[in-house]
Undergrad: 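Let me begin by handing over the structure; questions about it come next.
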Amino acid sequence: MLRRDELLDLDEDLNARKRELFIREYMTTKQALLRRINDVVKRTEGQVSRSLEEDLEGKRYLQAKLGNLRGFRDCVRETTLFELLNEGWCY
């Protein structure tokens with residue numbers, strides 16, 4: 001059976017890994033955010049180009065999604081965002 005101190009150390013290690021993952025995934029700069037949005041735009045453009053002509057509903061959905069993504073990207077470009085965030089803050 002683990003002692004209390006060992007359990008606290010395990011909990012601290014787990015929290016450190018969670019914090020590292022959070023920082024890597026969510027605490028970002030404006031440029032990193034725009035790169036991620038551009039990646040999604042490119043994937044969606046590929047889906048639109050590969051969609052079947054017979055699937056009008058699916059194609060319309062993807063085109064609407066693409067329009068929303070492009071609009072969101074434009075809003076992010078025009079918005080003043082902090083380049084470095086304090087711990088615990090994210091875009």
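Positions are given from 1 along the sequence.
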Undergrad: For Glu53, which residues count as a side chain to side chain donor-acceptor pair (under 3.5 Å) partner, sequence neighbours excluded?
TA: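 Glu53 satisfies side chain to side chain donor-acceptor pair (under 3.5 Å) with Lys59 once adjacent residues are dropped.
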Undergrad: Could you tell me the separation between the OG1 atom of Thr44 and the CG atom of Leu69, rounded to the nearest 0.5 Å?
TA: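 Going from OG1 on Thr44 over to CG on Leu69, the span is 5.0 Å.
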Undergrad: Indicate the atoms forming the closest heavy-atom contact of Ser51 with Val48, along with that distance.
TA: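 Taking every non-hydrogen atom into account, OG-O, 2.8 Å.
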Undergrad: Does the pair Phe72 and Val76 meet the rule for a side chain to side chain contact (heavy atoms under 4.5 Å, CB included), with working shown?
TA: CA-CA 6 Å; Phe72 178 64; Val76 170; 3.8 Å; yes
Undergrad: Listed by chain and number, what are the side chain to side chain donor-acceptor pair (under 3.5 Å) partners of Lys65, not counting sequence neighbours?
TA: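 In terms of side chain to side chain donor-acceptor pair (under 3.5 Å), with neighbours along the sequence ignored, Lys65 is linked to no residue.
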Undergrad: Of all residues at least two apart in sequence or in a different chain, which pass the salt bridge (charged side-chain N to carboxylate O under 4.0 Å, His left out) check with Glu20?
TA: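 Scan of Glu20 (salt bridge (charged side-chain N to carboxylate O under 4.0 Å, His left out), adjacent residues dropped) gives Arg24.
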Undergrad: Roughly how far apart are Asn68 CG and Gln63 CD, rounded to 0.5 Å?
TA: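 Taking CG in Asn68 and CD in Gln63, the distance rounds to 12.0 Å.
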Undergrad: For Arg60, which residues count as a salt bridge (charged side-chain N to carboxylate O under 4.0 Å, His left out) partner, sequence neighbours excluded?
TA: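 Per chain and number, Arg60 pairs via salt bridge (charged side-chain N to carboxylate O under 4.0 Å, His left out) with no residue.
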Undergrad: Among residues two or more places apart or on two chains, list those pairs meeting salt bridge (Lys or Arg N to Asp or Glu O under 4.0 Å) that have a residue in residues 69-81.
TA: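 Only Glu45-Arg70, Asp74-Arg77 qualify under salt bridge (Lys or Arg N to Asp or Glu O under 4.0 Å).
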Undergrad: Quick check for you: to the nearest 0.5 Å, what is the distance between Leu62 atom CG and Arg43 atom CZ?
TA: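 So the gap between those two atoms works out to 12.5 Å.
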Undergrad: Going by salt bridge (charged side-chain N to carboxylate O under 4.0 Å, His left out), name the residues that satisfy it together with Arg36, two or more places apart in sequence or in a different chain.
TA: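 Partners of Arg36 under the salt bridge (charged side-chain N to carboxylate O under 4.0 Å, His left out) test: Glu25.
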